[in-house]
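Presented below is the structure to which this report refers.
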Amino acid sequence: MASDFRTAIKRRRSYYSIGSNSPISDEAIQDIVNYAVLYTPSAFNSQSARVVVLLGDEHRKLWDIVRETLGKLVPADNFQPTDAKVSSFASGRGTVLFYEDGGVINDLQTNFPLYADMMPRFSENSSGMLQFAVWTMLEDAGLGASLQHYGNLIEAEVARTWKLNPEWKLIAQMPFGGISAEPGPKEFQPIEERVFVFP
């Protein structure tokens with residue numbers, strides 16, 4: 001049973017200790033992603049989001065790519081913490097890959113020249129909303145997730161491996177799985193320093 005929206009937002013956290021178990025079926029996970037993609041707003045209703053859900057061996061293959069890529073960039077004597085971090089993501093149930101379709105963005109820039117310079121920003125705004133929607137719904141279903149950003153390092157290899165459209169821009173990766181440990185307390189800056197109201 002889904003919680004109310006305010007509670008769901010409050011409960012959403014970054015979970016780094018996840019397992020391959022899941023309280024819901026893979027079909028239910030896909031339903032969450034489908035629902036979020038359908039109903040998350042996008043600039044000019046462009047529906048520019050493209051999402052790939054990797055489960056099981058395909059999920060682990062992604063994090064093998066990340067590990068191999070980082071292994072070429074991080075000195076071997078400093079690699080252990082990086083390897084442990086990647087392994088924690090790989091231990092999950094799956095990963096959601098969030099893309100934006102560059103072809104759609106280019107068309108928007110052509111059709112709405114007044115806003116052409118802003119279209120990439122609008123696109124990322126839409127993607128951020130979609131990421132938040134999926135993240136919150138996964139947590140509400142009892143799964144832990146976090147948001148990662150290795151796209152600039154792995155985008156080309158991921159596109160080759162899963163034969164994805166090269167015009168798609170990889171924005172973020174969201175590993176998820178059964179919750180193995182709860183995150184620590186969350187600290188908040190004073191709300192008065194972050195929200196300003198002028199009556």
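In this text the structure is predicted, and so the values were computed from the model without any measurement.
Not a single donor-acceptor pair under 3.5 Å links the side chain of Ser127 to the backbone N or O of Ser123. Not a single donor-acceptor pair under 3.5 Å links the side chain of Trp135 to the backbone N or O of Gly144. The closest donor-acceptor contact from the side chain of Asp140 to the backbone of Thr136 lies at 3.5 Å or more, if one exists at all.
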(message) Applying side chain to side chain contact (heavy atoms under 4.5 Å, CB included) to Leu70 and Phe79, what does each step give before you reach the verdict?
(response) CA-CA 8 Å; Leu70 292 176; Phe79 190 64; 4.1 Å; yes
(message) Run Val104 and Arg50 through side chain to side chain contact (heavy atoms under 4.5 Å, CB included) and show every step you take.
(response) CA-CA 11 Å; Val104 173; Arg50 304 291 180 263; 3.6 Å; yes
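Using a 4.0 Å cut-off between charged side-chain N and carboxylate O, Arg12 and Glu139 make no salt bridge.
In this structure Asn106 satisfies the side-chain contact (heavy atoms from CB on, under 4.5 Å) test together with Gln109, Glu167, sequence neighbours excluded.
Between the side chains of Gln47 and Ser42, no donor N or O sits under 3.5 Å from an acceptor N or O.
Between Val52 and Trp162 there is no side-chain heavy-atom pair separated by less than 4.5 Å. Side-chain contact between Ile32 and Ile24 is present, with heavy atoms from C-beta onward closer than 4.5 Å. Using a 4.5 Å heavy-atom cutoff, the side chains of Lys85 and Trp63 are not in contact. Between Ser88 and Ser17 there is no side-chain heavy-atom pair separated by less than 4.5 Å. Annotation: side chain of Val66 is not in contact with side chain of Gln173 (no heavy-atom distance under 4.5 Å). Residues Val96 and Phe176 form a side-chain contact, since some pair of their non-hydrogen atoms from C-beta on lies under 4.5 Å apart.
Other residues sharing the hydrophobic cluster of Tyr15, ordered by chain and number and joined by side-chain separations under 4.5 Å: Ile18, Ile179.
Note that CZ of Phe89 and CD of Gln148 are 3.5 Å apart. Values are rounded to the nearest 0.5 Å.
Thr40 approaches Ala133 most closely through the heavy-atom pair OG1-CB, 3.8 Å.
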